[in-house]
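Because the structure is a prediction, the values reported are computed rather than measured.
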Amino acid sequence: MSLDAVLDIVAAVCLISGALLSLAAGMALVRFPDLLARMHAAAKPQVLGLLLVLLGCGLRLRTGVDITTLVLIGVFQLATAPVAAHMVGRAAYPHDDIRTDLLLTDELAPHLDRLSSSTTTNTP
């Protein structure tokens, strides 16, 4: 078995597992009950699924320009997805879209009046 065949098999495994993780993340967005659970499903398995798909594409393409582009896509996804999920959670917190009975610690509760007043004053 040649090295190309082994790399193609590893690429296929990465592509299939990445696609399954992204599918599971999409199904979790529909099935999970509250915003924090949906936010978790949108950020973590989706990013890992995309990174596995990018790894599979990189193993299959094997050219410098393609691998550089795939690495840039992965870096930007790792930089933006957690920040976006954090901002969605912070924006939804004062609007009672979060089930606080499921939280182990609620560090924003003492600051709720400041959060709710800043969201109402910034709206047009």
Side-chain angles (χ1 to χ4, degrees):
M1 194 173 221
S2 69
L3 180 63
D4 287 337
V6 171
L7 288 177
D8 286 342
I9 291 171
V10 172
V13 168
C14 287
L15 286 169
I16 290 171
S17 60
L20 289 175
L21 270 172
S22 296
L23 176 68
M27 289 173 52
L29 284 175
V30 176
R31 304 265 319 176
F32 282 174
D34 66 334
L35 181 86
L36 290 179
R38 288 181 181 156
M39 185 177 61
H40 174 80
K44 298 201 180 185
Q46 182 266 336
V47 170
L48 181 59
L50 177 71
L51 290 177
L52 283 172
V53 167
L54 292 175
L55 178 65
C57 289
L59 288 173
R60 182 68 181 108
L61 296 173
R62 298 185 201 118
T63 61
V65 174
D66 293 332
I67 291 174
T68 304
T69 304
L70 295 173
V71 167
L72 282 174
I73 292 169
V75 166
F76 287 133
Q77 183 69 26
L78 285 172
T80 57
V83 173
H86 176 75
M87 296 311 289
V88 167
R90 288 293 295 253
Y93 184 82
H95 300 290
D96 296 329
D97 292 336
I98 295 174
R99 292 183 53 193
T100 55
D101 59 324
L102 297 177
L103 297 177
L104 295 177
T105 59
D106 190 2
E107 296 174 357
L108 290 177
H111 308 287
L112 184 61
D113 56 344
R114 184 175 53 95
L115 289 172
S116 61
S117 66
S118 67
T119 58
T120 57
T121 57
N122 291 337
T123 55

Asks: Measuring from Ile73:CD1 to Leu50:CG, what's the distance to the nearest 0.5 Å?
Replies: 7.5 Å
Asks: Give me the atom names and distance for the closest heavy-atom approach of Ala37 to Asp34.
Replies: CB-OD1, 3.2 Å
Asks: Compare every heavy atom of Arg62 with every heavy atom of Ile67, then report the nearest pair and how far apart it is.
Replies: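 Looking at all heavy atoms of both residues, the shortest contact is CD1-CA, 4.0 Å.
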Asks: Any chance you could measure Leu61, atom CG, to Leu70, atom CG, to the nearest 0.5 Å?
Replies: 6.5 Å
Asks: Just how far is it from atom CD1 of Ile16 to atom CG of Leu21, taken to the nearest 0.5 Å?
Replies: 12.5 Å
Asks: Mind checking the SG-CG spacing from Cys14 to Leu52? Nearest 0.5 Å is all I need.
Replies: 5.5 Å
Asks: So which heavy atom on Ala42 is nearest to which on Leu29, and how close?
Replies: CB-CD2, 3.7 Å
Asks: Does any non-hydrogen side-chain atom of Leu35 lie less than 4.5 Å from one of Arg99?
Replies: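 Arg99 vs Leu35: side chains apart.
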Asks: Starting at CG of Asp106, measure out to OH of Tyr93 and round the result to the nearest 0.5 Å.
Replies: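 The distance works out to 3.0 Å.
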Asks: Restricting to non-hydrogen atoms, name the atom on Gly89 and the atom on Met39 that form the minimum distance, rounded to 0.1 Å.
Replies: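 Closest approach of Gly89 to Met39: N-SD, 3.5 Å.
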Asks: Verify the distance criterion only: is there a donor paired with an acceptor across the side chains of Thr63 and Asp66 at less than 3.5 Å?
Replies: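 A donor-acceptor contact under 3.5 Å links the two side chains.
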Asks: Report the C-alpha distance between Ile9 and Met1 in whole Å, list the side-chain angles of each, state the deciding distance to 0.1 Å, and finish with yes or no for side chain to side chain contact (heavy atoms under 4.5 Å, CB included).
Replies: CA-CA 11 Å; Ile9 291 171; Met1 194 173 221; 3.3 Å; yes
Asks: When clusters are formed by joining ILVMFWY residues with side-chain heavy atoms under 4.5 Å apart, either directly or through shared neighbours, do Val88 and Val83 land in the same one?
Replies: no
Asks: Work out which heavy atom in Gln46 is nearest to a heavy atom in Ala25; give both atom names and the distance.
Replies: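 Shortest heavy-atom contact: N-CB, 3.9 Å.
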Asks: If you compare all heavy atoms of Arg38 against all heavy atoms of Val30, which two are closest, and at what distance to 0.1 Å?
Replies: NH2-O, 4.2 Å
Asks: Got a sec: does the CZ of Arg31 have more than 12 other heavy atoms crowding it under 6.0 Å?
Replies: no
Asks: Roughly how far apart are Leu51 CG and Leu78 CG, rounded to 0.5 Å?
Replies: 5.0 Å
